[in-house]
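Okay, structure first, notes after.
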Amino acid sequence: DVKVTQSSRYLVKRTGEKVFLECVQDMDHENMFWYRQDPGLGLRLIYFSYDVKMKEKGDIPEGYSVSREKKERFSLILESASTNQTSMYLCASGRGGLGNEQFFGPGTRLTVL
Amino acid sequence: KQEVTQIPAALSVPEGENLVLNCSFTDSAIYNLQWFRQDPGKGLTSLLLIQSSQREQTSGRLNASLDKSSGRSTLYIAASQPGDSATYLCAVTQTSGSRLTFGEGTQLTVNP
């Protein structure tokens, strides 16, 4: 079975802090994705990566950056957290190529005070 | 820009009923469509993936259909159970890439 893990289920941070969200997959997938989910807005793509050290902006990259130094790990970074980044963050992975199935982690509920 | 809509937003049914969830998309140039289940406060679990060349996929009590030309998909759940209570999301992949575009989901409650 594919397993995607995220470093924290719940996280509380203060405005202005630098926040790291980690995602690890164990299936040697090329593609990895970061989404945020908000009531009334659904899931929106923040960033994705199709290879080590490669990244592409999604629909809402502002205020975020990412890092992929190893194939199995994809990190989302909030350089200076703000209250409007309070959300559920979901990581996903999938095999390379077009349209392959995506597998999701359990999510991180981030609250920025 | 692709837009995905799911109707209804919420549905409550008695146990044992057969039900249909709807998903529509505005751009028919899709590569595939995926149905997910999400339990409260949890991540997404993939249920079914339908390629654009397919008409339907089945897994147990679930059957998903796809009509690409009309921009519609349905998820049929047979003999619903309280354990089916969750939010169901559909998402499409465009032919131009690997990104998923999601609908907002249908929140299903199956009452014992």
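What's counted below: heavy atoms across the whole structure, side chains too, no hydrogens, waters or symmetry copies. Every chain is numbered from 1, with letters handed out A, B, ... down the list of sequences.
Checked for salt-bridge contact, Lys53(A) and Glu69(A) meet the test: a charged N lies under 4.0 Å from a carboxylate O. Salt-bridge check for Asp51(A) with Arg68(A): failed, with every basic side-chain N at 4.0 Å or more from each acidic carboxylate O. Salt-bridge annotation for Asp38(A) and Arg44(A): present, with a side-chain N of the basic residue lying under 4.0 Å from a carboxylate O of the acidic one.
Contact annotation: the side chain of Gln25(A) never approaches that of Arg73(A) to less than 4.5 Å [non-hydrogen atoms, C-beta and beyond].
Looking at Arg9(A), the atoms closer than 4.5 Å to chain B (heavy atoms on both sides) all sit in the side chain, from C-beta outward. At a 4.5 Å heavy-atom cutoff, the contact between Leu45(A) and chain B is made by side-chain atoms alone. The part of Gln37(A) that comes within reach of chain B is its side chain, from C-beta onward, which places non-hydrogen atoms under 4.5 angstrom from that chain. Contact annotation for Leu89(B): only side-chain heavy atoms (C-beta onward) come within less than 4.5 Å of a heavy atom of chain A. Contacts of Tyr35(A) with chain B are made by side-chain atoms alone, with heavy-atom separations under 4.5 Å and no backbone atom involved.
Across all non-hydrogen atoms, the minimal contact from Pro106(A) to Thr5(A) is CD-CA, 4.4 Å.
The aromatic rings of Phe104(A) and Phe102(B) sit perpendicular to each other, their planes meeting at more than 60°, with 30° as the lower class boundary.
For the options Thr45(B), Thr101(B), Asp39(B), Leu100(B), heavy-atom pairs under 4.5 Å to chain A are most numerous at Leu100(B). Of all the listed residues (Gln38(B), Arg99(B), Lys42(B)), the one sharing the greatest number of non-hydrogen pairs under 4.5 Å with chain A is Arg99(B).
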